[in-house]
S.K.: 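Before I ask anything, let me first share the structure, which is written out below as structure tokens.
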There are 2 protein chains.
Amino acid sequence: MASSTIRDVARAADVSVASVSRVLNDHANVHPDTRERVRAAISALGYVPHAGARSLSLARTQAIGVVLPDLHGEFFSEIVRGMDRAVTPAGYHLLLSNMHADAELAAQAMRTMRGRVDGLIVMAPHLTADALEAALPRGLPTVMLNTVPSGDRAGIRVDNAAGIRAAVAHLAATGRRAPVHIAGPVGNVDAVARRDAFAAAMRDHFPDAPVRIVAGDFFEESGTAAVAALVAEGTPFDAVVAANDMMAFGALQALRDAGRQVPEQVAVTGFDDVPLARYLGLTTAHVPLVDMGSRAIDRLLALISPGLSSATHGARDPDLIIPELIVRRSSGAPETL
Amino acid sequence: MASSTIRDVARAADVSVASVSRVLNDHANVHPDTRERVRAAISALGYVPHAGARSLSLARTQAIGVVLPDLHGEFFSEIVRGMDRAVTPAGYHLLLSNMHADAELAAQAMRTMRGRVDGLIVMAPHLTADALEAALPRGLPTVMLNTVPSGDRAGIRVDNAAGIRAAVAHLAATGRRAPVHIAGPVGNVDAVARRDAFAAAMRDHFPDAPVRIVAGDFFEESGTAAVAALVAEGTPFDAVVAANDMMAFGALQALRDAGRQVPEQVAVTGFDDVPLARYLGLTTAHVPLVDMGSRAIDRLLALISPGLSSATHGARDPDLIIPELIVRRSSGAPETL
DNA sequence: AACGGCTACGTAACCGGTTACATGGCGCGG
DNA sequence: CCGCGCCATGTAACCGGTTACGTAGCCGTT
């Protein structure tokens with residue numbers, strides 16, 4: 001029952017463990033007869049090498065740790081899918097760990113990765129640079145995703161400002177007069193960048209309009225609540241710029257409940273372009289989520305084994321992703337999909 | 001740079017590695033002064049224990065392997081989310097591995113898990129029982145998800161027949177006359193069960209109608225193609241029973257393109273109830289995906305440490321999940337959502 | 001015949017933890 | 001004052017692999 005070890009195989013094949021190891025790893029200098037005997041013993045015993053032990057002696061685990069704040073919604077699952085896509089052909093595995101908001105627990109999560117993985121992808125938009133730097137285990141190659149740039153660590157980021165600017169410019173160009181912003185959680189880098197970009201874009205495109213920003217938390221319900229509150233207060237607005245798609249969906253829901261026509265009376269835009277956005281006809285700043293995931297892995301793998309860097313990505317700064325605005329029904333595009 | 005080991009800490013604190021280990025694991029019988037010295041040395045060196053080495057000597061990795069065929073779509077991501085939910089509080093991690101269709105590669109994937117994880121969750125609806133049994137490493141606790149029951153292994157399954165029966169009965173009850181089925185990939189257990197259940201349900205509810213089944217592969221495009229083909233051939237039908245939600249979405253798309261009204265002219269039902277289904281108003285057999293994921297983990301954890309089984313689930317056969325039909329717009333429910 | 005070099009293989013150290021067992025020092029009862 | 005037991009701690013084996021290094025045997029040269 002207890003699975004057999006390399007020594008069992010060695011005994012069965014009447015050779016030393018070294019020879020078994022050589023056969024397993026296709027090393028040269030093994031006599032064909034010996035190789036055959038070892039192979040036979042392996043399949044007779046049903047031997048499967050113990051990856052953990054191998055990792056320890058090679059100091060390579062063939063695994064990549066992924067630390068992220070949540071697995072909710074398509075946003076994260078798309079990114080993880082992208083990572084998986086890139087990691088499998090390279091012979092690596094993904095070790096998932098989702099961390100809680102608390103900085104101490106986050107540090108905990110990152111530390112338990114040491115000795116388990118060869119590198120780390122960290123998505124921690126809610127941590128400060130200091131907290132992060134304190135939490136990261138030393139000597140572990142790390143790539144940050146949508147996280148405050150910290151020291152000289154590699155990171156892949158989305159140009160939040162560009163996405164919001166494009167949305168606001170589009171609203172101005174299509175004749176809207178009073179956009180409001182539903183912001184993401186306080187303390188989240190992306191949320192903050194988007195909020196600031198909204199304020200700046202308002203000054204550029206709507207210098208005379210008040211800058212209205214209402215709080216949200218990136219979840220659908222907060223979008224619904226935000227719009228419901230605006231409606232209840234009687235605040236005038238004819239466009240909603242949500243800081244992410246999920247809140248935009250919530251906003252659409254609330255607008256429907258309030259009997260406001262989209263896009264005739266109110267335009268809605270999101271951010272991320274999760275798959276659902278296409279189905280629901282949401283205008284949004286497209287972020288190549290799957291691609292971001294695989295790109296992060298490629299970057300990390302290059303860090304891990306510097307030699308075989310597979311032809312640097314063409315672009316000038318491949319680490320800054322510029323979202324592209326996809327115009328759909330929710331902001332007035334003719335029926336598509 | 002190179003991170004320090006327990007021996008470095010021992011040297012710095014002027015104690016033996018045993019004492020350091022005792023401090024790390026909160027063992028009794030360590031003098032408070034010693035404990036303090038060790039703690040100081042640990043933080044001075046920034047020492048983080050090497051989980052791999054620990055695993056090897058304890059023969060416990062605190063990780064669960066998840067082997068699945070694909071990460072595409074919400075189906076899998078919801079399940080994985082459920083797993084993560086259950087695994088984190090137990091102090092375990094998830095090691096993802098998605099396997100390719102080929103049985104040999106699948107076996108490979110499962111084998112490389114040995115020594116990396118304490119248990120395995122296998123979702124392999126496309127493998128035969130034999131192939132599976134041959135591939136599974138011996139002595140590794142395993143729970144199968146939507147997979148042919150093999151030997152006495154634990155497994156969690158969906159009652160495919162019940163879901164399809166409910167859908168067909170609903171269509172009959174609401175006056176449809178000629179349903180067609182879009183089947184899933186050949187060789188997939190769930191797909192086969194659903195197809196057979198459709199044929200059986202047709203005999204029960206529509207004894208005079210022909211049983212029309214068209215091929216699909218669980219992806220959206222195949223649903224679109226299937227309906228497009230039916231329309232092109234002029235085959236009469238007033239209901240589409242898709243073997244999963246994604247194909248149902250594709251069918252909706254194709255129906256819209258063909259100018260057929262849903263649900264007036266054609267009703268559509270899916271299977272799974274992925275989150276998207278609610279947004280698009282799809283009638284579907286609800287499968288508690290997140291719950292299935294966590295339940296699989298609970299089951300596995302109980303297998304791993306038999307002692308502390310956390311109160312068996314109330315139900316009589318908690319391992320067979322009965323889907324419940326959720327009726328929405330696509331089959332004639334009044335406007336919801 | 002002596003020697004060098006090559007091939008095939010075994011021995012044992014090592015990766016970084018855990019822990020059974022041994023040990024030394026101390027307090028305490030008799 | 002002796003001996004017992006307990007507490008705190010150290011030594012070294014072990015988990016299951018990999019591999020540097022050593023060696024035996026064989027061949028070909030000179």
S.K.: I need the A:Arg153 CZ to A:Leu303 CG distance, nearest 0.5 Å.
M.R.: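 Spacing of CZ (A:Arg153) from CG (A:Leu303) equals 10.0 Å.
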S.K.: Applying the side-chain contact (heavy atoms from CB on, under 4.5 Å) criterion to B:Arg299, which one of B:Ile304, B:Leu145, B:Asp319 satisfies it?
M.R.: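 That would be B:Asp319.
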S.K.: Is the count of non-hydrogen atoms from other residues, nucleotides or ligands lying under 6.0 Å from B:Arg85 atom CZ greater than 12?
M.R.: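 Incorrect, the count does not exceed 12.
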S.K.: Do the side-chain N or O atoms of B:Asn25 get closer than 4.0 angstrom to the phosphate oxygens (OP1, OP2) of C:dT18?
M.R.: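 True: B:Asn25 side-chain N/O within range (under 4.0 Å) of C:dT18 OP1/OP2.
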S.K.: Could you give the NE2-to-C1' distance, from A:His50 to D:dG17, as a whole number of Å?
M.R.: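 Checked: the NE2 to C1' distance equals 9 Å.
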S.K.: What does B:Ala59 touch in the nucleic acid at a heavy-atom separation under 4.0 angstrom: a base, only the sugar-phosphate, or nothing?
M.R.: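 Touches nothing.
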S.K.: Can you figure out which of C:dG16, D:dT9, C:dA8 approaches the side chain of B:Thr34 most closely?
M.R.: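 The answer is D:dT9, which lies nearest to the side chain.
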S.K.: Does C:dG10 have OP1 or OP2 sitting under 4.0 Å from an N or O in the side chain of A:Ser16?
M.R.: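 Result: yes.
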S.K.: With a non-hydrogen cut-off below 4.0 angstrom, is B:Ser21 in contact with a base, only sugar-phosphate, or nothing?
M.R.: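 Base contact.
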S.K.: In whole angstrom, give the distance that lies between atom NE2 of A:His31 and atom P of D:dG25.
M.R.: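 A:His31 atom NE2 is separated from D:dG25 atom P by 16 Å.
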S.K.: Can you give me the bend angle of the helix from C:dA1-D:dT30 to C:dG30-D:dC1? Use the axis through the first five pairs and the one through the last five, nearest 10 degrees.
M.R.: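 Rounded value for the end-axis angle: 70°.
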S.K.: From C-beta outward on A:His27, which listed nucleotide comes closest to its side chain: C:dT18, D:dT19, D:dG17?
M.R.: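 The answer is D:dT19, which lies nearest to the side chain.
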S.K.: Can you give me the closest heavy-atom contact between A:Arg111 and A:Ala134, atom names plus distance?
M.R.: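 Here A:Arg111 and A:Ala134 meet closest at NH1-O, 3.9 Å.
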S.K.: Base, sugar-phosphate or nothing for B:Ser19? Non-hydrogen atoms, less than 4.0 Å.
M.R.: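 It contacts sugar-phosphate atoms only.
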S.K.: State whether the number of non-hydrogen atoms from other residues, nucleotides or ligands found under 6.0 Å of B:Arg35 atom CZ is greater than 12.
M.R.: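 Yes, the 6.0 Å shell around CZ holds more than 12 heavy atoms from other groups.
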S.K.: Return yes if the base of D:dG10 and the side-chain atoms of B:Arg22 contain a donor-acceptor N/O pair under 3.5 Å, otherwise no.
M.R.: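 Indeed, a donor on one side and an acceptor on the other fall under 3.5 Å apart.
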S.K.: Rounded to whole Å, please give me the gap between CZ in B:Arg116 and C1' in D:dG16.
M.R.: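 B:Arg116 atom CZ is separated from D:dG16 atom C1' by 14 Å.
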S.K.: Using a heavy-atom cut-off of under 4.0 Å over every strand shown, decide if A:Val30 touches base, sugar-phosphate, or nothing.
M.R.: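 The residue A:Val30 makes sugar-phosphate contact but no base contact.
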S.K.: Quick one: is B:Asn29 getting a side-chain N or O under 4.0 Å of the D:dA8 phosphate, OP1 or OP2?
M.R.: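 For D:dA8, OP1/OP2 do have a side-chain N/O of B:Asn29 under 4.0 Å.
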S.K.: Base, sugar-phosphate alone, or nothing: which one does A:Arg35 contact when heavy atoms must sit under 4.0 Å apart?
M.R.: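 Answer is nothing: A:Arg35 stays at 4.0 Å or more from every strand.
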S.K.: Name the nucleic acid region contacted by B:Leu56, choosing base, sugar-phosphate or nothing; use a 4.0 angstrom heavy-atom cut-off, strictly under.
M.R.: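 The residue B:Leu56 makes base contact.
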S.K.: Return the value, rounded to whole Å, for the distance between atom CG of A:Leu58 and atom C1' of D:dT19.
M.R.: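 Value for this atom pair: 10 Å.
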S.K.: Atom CD1 in A:Ile121, atom OG1 in A:Thr147: separation rounded to 0.5 Å?
M.R.: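 Nearest 0.5 Å value for the CD1-OG1 distance: 10.5 Å.
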S.K.: Would B:Ser55 and B:Arg60 count as a side chain to side chain donor-acceptor pair (under 3.5 Å) if you check the C-alpha gap in whole Å, the side-chain angles of each, and the deciding distance to 0.1 Å?
M.R.: CA-CA 5 Å; B:Ser55 296; B:Arg60 272 191 305 116; over 6 Å; no
S.K.: Can you tell me how far C1' of C:dG17 sits from CD of B:Gln62, to the nearest Å?
M.R.: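 About 15 Å, once rounded to whole Å.
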S.K.: Need one value for B:Arg60: base, sugar-phosphate or nothing, where a base atom within 4.0 Å counts as base even if backbone is also close, heavy atoms only.
M.R.: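 Counting heavy atoms under 4.0 Å across all strands, no contact is made by B:Arg60.
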S.K.: Expressed as a whole number of angstroms, how long is the span from A:Asp14:CG to C:dA8:P?
M.R.: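 Distance check: A:Asp14 CG to C:dA8 P gives 18 Å.
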S.K.: State whether B:Arg7 places a side-chain N or O below 4.0 Å from either non-bridging phosphate oxygen (OP1 or OP2) of C:dG17.
M.R.: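 Answer is no, no contact under 4.0 Å.
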S.K.: Please evaluate residues A:Arg81 and B:Asn98 with respect to the criterion side chain to side chain donor-acceptor pair (under 3.5 Å), reporting the C-alpha separation (whole Å), side-chain torsions for both, the decisive distance (0.1 Å), and the verdict.
M.R.: CA-CA 10 Å; A:Arg81 184 156 70 88; B:Asn98 72 355; over 6 Å; no
S.K.: Just to be sure I understand the rule, does B:Val17 reach a base, reach only the sugar-phosphate, or reach nothing, if contact means heavy atoms closer than 4.0 Å?
M.R.: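 Base: the residue B:Val17, judged by heavy atoms under 4.0 Å, touches a nucleobase.
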S.K.: Please give, in whole Å, the distance from C:dG16 P to A:Arg114 CZ?
M.R.: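 From A:Arg114 CZ to C:dG16 P: 7 Å.
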S.K.: Quick one: is D:dA8 close enough that its OP1 or OP2 comes under 4.0 Å of any side-chain N or O from B:Arg37?
M.R.: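 Negative; the distance criterion is not met.
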